[in-house]
Amino acid sequence: MSDLDLELVEEFVVESRELLEAAESDLLALDLSQGAPGQEVVNRIFRAVHSVKGAAGFFGLEVIGVLAHRLESVLMKVRDGQLAPTSQMVDVLLQANDRLRGLLEDIQASNGEDVSAHLAALDPFLGEGGSPPAPPAPPAPAVTAPAPQGQGGGSFAGWSVPAALAAEIKRHGRHLFGLTVDPSRDLIGQGRTAAALIEDVSDLGELLHSTYDEATPGGSFALVVSTVLDLDFAVEGFALPRDAIQDLLRASVVAPAPPAAPPPLPKAAPAAAPPNASAVAASPAAAKASPAAAKASSDGGSGAQVETKSTVSDTIRIKTTVLNALMEMAGELVLARNRLLRTLADKTDQIEGLGPVLSQVSSITTEVQEQIMRTRLQPVGTLFGRFNRVVRDLTHKLGKEVNLETVGADVELDRTILEGLADPLTHLLRNSLDHGIEMPEERVAAGKVRFGTIQISAQHEGGMVNITIKDDGGGIDVQRILLKAMERGLLTEEQADRMSDREGLQLIFLPGFSTAKVVTDVSGRGVGMDVVRTNIEKLGGNVDLASTHGVGTTVTLKLPLTLAIVSSLIVTAGGQHFALPQVGLQEVIRIVPGQGHEAIEEVRGASVLRHRGTLLPIVRLDEVLDIAPTFVDPQTGARRSDRRQRIADRRQSSKPRTLEEKKLAEQRAPGDRRESLASVQRILVLKVGKNRFGLLVDQIVDNEEIVVKPVSRFVRSAPCFSGATILGDGTISMILDPLGISTHAKLRFDLTKDKAVARPKGAQGPQGEIFSLILLSNHTDETFALPLTQVGRIEKIRRDEIRRIGDREYLSYRETTLPLVRLEQHLRVKAPATEPVEYFVVIPNLRGQQIGLLTTQVLDAVEVKLQVHQGSVPSRGIFGSAVLDDRIVLLLDIVQLAQLSSADGEVRPLLEGITPPLRVVLVEASPTTRLIQRTALQRAGALVTVAEDVEAATALLKRGGVDALILDGELPNQPAEVLLSDLRADESLARLPVILTTSHLPEDEEDSVGRFAARAAKLDIERLVERLITFAEERR
Amino acid sequence: MPKVQFATFYLGDDLYGINILQVREVIQDFHVSQVPQTPAPILGLMNLRGQIVTVVHLGRNLGIQVVEPQNTCIILKTNDELAQVHASRSWIFPAGEDSVGLVVDEMGEVVEVDEEEIDASPANSSDRDSATIAGVARLDKELLTILHIDSILQLDFLSRAG
């Protein structure tokens, strides 16, 4: 054998050893689970043995092949439920497995070994008639017989297949292909092993025969495969070049019997070698196809090895168990880091140099974790790839004509998420095919093209991945949904009348709901969308559905990049700690005692909060979890008698923790923005699907990156948790599951209207300090912040994607050229110490000049209470600085940064040309928003006067000379509408332009406040200025 | 006749045992975090060197009066770990895929019992007891109740515990 062959065989041995080793533990598990084996376990063993068998056939390892085949036959019966595993049977299987492993140890001698005892021991399980014929055994050419005749191109042109078999295959509409595999090109060149190829082939069809021909330079494999795929798909599916696949049914090679060619016993092949080898070597095509192999034959092999290796040097195979272990350890590292930081937090002043070391350890840890995390990422293309098949099969079945388009196949997601996504996506695709896309005639009648189009696309958005499935089919008929819901008693007629189309669509997510006119075997059994939603939410994502009757349907899935590490709030209820993932968290509302009663009200025992013009249902975490509330009085405590026993335990075991908390509370006491224990309650506004509810917790302790750990079956049954985690202090905390909580609390969202209450009477929850920020860094000690509302997208790019023209940098992005801005060019901040391979580009949603901010690190998207730094001075490009978790954060002025980076680099006021300058009065409750808006408006060229409150503003306005009022639309206890009508009551102010600013601005409400008034989202400076300009122009 | 080694421990006044091959380790003085919404015998979760272990209050599960607090916990091998055991599998009752710890009063000695010395659960024991007793070994001084871990850790068994 040549070096190449030896290398392949060696690889085979290593891989087979792994497979059989794994099979052994699985066989043992099979023994433990006697009688009711997990299908997964059986499948795993089956596949392992199958792969070994197939690859053994390649190398002419007959004895291994025969034994593996017999083993496989028994396993097949177990898999198909014809045979229940018994202890005795597992024993025999284990012995056979051991024997296989023994044979692998001396592979060269294996063909001389005797395995008849093992074969005989396996036979009884196969019942009457003993075992089916073993294909890889040498006498098998009676079934199929590839005959290498070397008619050029290096392929086995002389395939020979028994006519009966060929006819049978043809009758079933299957194809019969002969594959010629060049190891250096098709295996090593693609970084796959022989076993992996066998697996690919077996996945897509039935492997009838395989042989290895060591006569050709570098050796080659010949496989005969029967499959439903046609040639085009086979090329793709097997990942082989077209000329390596021969359609044996089309080519008239079907011979009545094989004698035309000598039976290709692998051992006999060398006899035919000289003519065959020379024919191939003389063929330029073959030389071109496998230069490495050709070189191997002339150089004597050793040099070729180096070369073939160099082509694959940037990827290596790693066992997933190793990756998972690394992953887990990275998680532990993060936890240990958190613990270290916490322990040493107050020592940094005492020990010189501790601070920098800590932050270095911290950032390296983050980096390590990120890099390891990346190893788990896989492109969604691997998933999209299999949909071609689904679409193809289904369109034939349904008689429809459909084009499948995929976009963004290179977007990467965590493996676990990809796996969990397969079923829901397939389901959605089937839905689109079955219910969405109409029959071709219907489409033509409706004036559409015959071909329906389904587009599956993936794209990054704000640290999540959006996957959309969009079809141009018939859309969803909301009326029919409503009718159906009424039929099923899910809805009263009155409720149906009140429902908007969007709400009606949501009914589709109710369990057992299907609107298919006919239940087909494709879909329509009503086990659909609710399962899709549940599955996606289990993955930490959510589902959105939009549909226009007659035009089409779009389903959007929003998914986290990874499941393993989740940014969470640590909250307490009833003295216990819980982790709440920030994904569904919308905002945090503080309830101060005294004011608390004003804010939370009761409707026949149900707690609600007036919030943003709706009633937010409030769920008490301690109640839903049935744990005693401890905030009332920790000494006597209003506890439930039936749980007294457990609560007593709990108090005992959690004592040190309480002390620690007390200590913490003392440390934080003066001037800390975190509140002291038990005096304040927090409502976390959570989003589940389209609905929101408030979760009342006692306190928010911390903000931690947690590592999600699976929990045991005992705890899994608890409905309100999605997992467990180990916190920085080593204690275990359960991870809250918002969906589970809302279900367990029996929140009936399906029937509530989005806007249940006509109008808020004021008394909105105190807020305005909460900011959604995205934190950026250049791996220096400076942190930058940008309000999330100003961020359009974040892209990860490679350094080599940055183009330089002159001294400027650009990125080709969505068919435009985006100027890139490095912060250190315009701000007095440090440049990144090293040039990383990858950058993050933050693309703000500016209306004018488009730019991309180049940073090396996106730290987090956080919901924070921001404290504007005292004495913070605005300078070019920044609004000022704030303190967040003890680090200084610079608030970026994105509008000015865009101007700084424009062609002439000049900063022009946005209100340029408007003279005299506009005089604006600004009323804003949140100091941070006030600072940003004031600075930004001043920079735009307006004269800004800040008024403390509405009274002060009114006084200023009455003095006259003011061009516009910018009024906080969310002042505590002062509904904007009321303020506005009070203001208008004064005749001199009746025509004063007023801009109401709100933190959340639904698009359709933008212009609904009448003449001389407008709305704008807070911090949307461009929109504010635009409004001011419109008003100024109207005046003239 | 083959002999089997049992790890023994006390619960209340009586001696109980499980096959020593099933024991991963025994730990003292541990901290448990409670988990709401779980059956009463589930004491909570323990952090064992970075691994999460579900801790079961054996006394509560079997209806045996014990003196609190108990500070001994027997960590059982999972199925995967058991698969590494290449000895005879008799008197082993797998605890499942998850890491589980059983809280007991205190550990006894390791005893070696002739399989012949083990009787079936007494005919007059209650339904619930007979499901949990795999056998009773006649030791010189006392009786050793061998627990059927598999049945004890069934979810529906746990949820029915008083």
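Remember, predicted model here, so these are calculated numbers, not experimental data. Just so it is clear: chains get the letters A, B, ... in the order the sequence lines come, proteins before strands, and each one is counted from 1.
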Gap separating the CD1 atom of A:Ile732 from the CG atom of B:Leu48, nearest 0.5 angstrom:
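The CG atom of B:Leu48 is 9.0 Å from CD1 of A:Ile732, to the nearest 0.5 Å.
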So for A:Ser733, is it side chain, backbone, both, or neither that comes closer than 4.5 Å to the heavy atoms of chain B?
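Answer is neither: A:Ser733 stays 4.5 Å or more from chain B.
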Quick one: side-chain hydrogen bond (donor to acceptor under 3.5 Å, both in side chains) pairs with a partner in residues 132-143 of chain B, sequence neighbours left out?
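Sorted pair list: B:Asp119-B:Arg138.
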Which heavy atom of [X] sits nearest a heavy atom of [Y], and at what distance?
X        : Y        : answer
A:Phe714 : B:Ile42  : CB-CD1, 3.5 Å
A:Pro719 : B:Gln37  : CD-OE1, 3.4 Å
B:Leu153 : A:Arg713 : O-NH2, 3.4 Å
B:Pro36  : A:Ala718 : O-CB, 3.9 Å

Tell me whether the count of non-hydrogen atoms from other residues, nucleotides or ligands lying under 6.0 Å of CD in B:Gln65 goes above 12.
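No, because the 6.0 Å sphere around CD of B:Gln65 holds 12 heavy atoms or fewer from other groups.
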Atom CG of B:Asp13: over 12 foreign heavy atoms under 6.0 Å
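No, CG of B:Asp13 has 12 or fewer neighbouring heavy atoms, counting only those of other groups under 6.0 Å.
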Counting heavy-atom pairs closer than 4.5 Å to chain A, which one of B:Leu155, B:Asn47, B:Val100 comes out on top?
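The answer is B:Asn47.
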Side-chain donor-acceptor pairs under 3.5 Å in residues 101-110 of chain B, sequence neighbours left out?
{"residue": "B:Asp105", "atom": "OD1", "partner": "B:Gln70", "partner atom": "NE2", "Å": "2.8"}
{"residue": "B:Asp105", "atom": "OD2", "partner": "B:Gly12", "partner atom": "N", "Å": "2.8"}

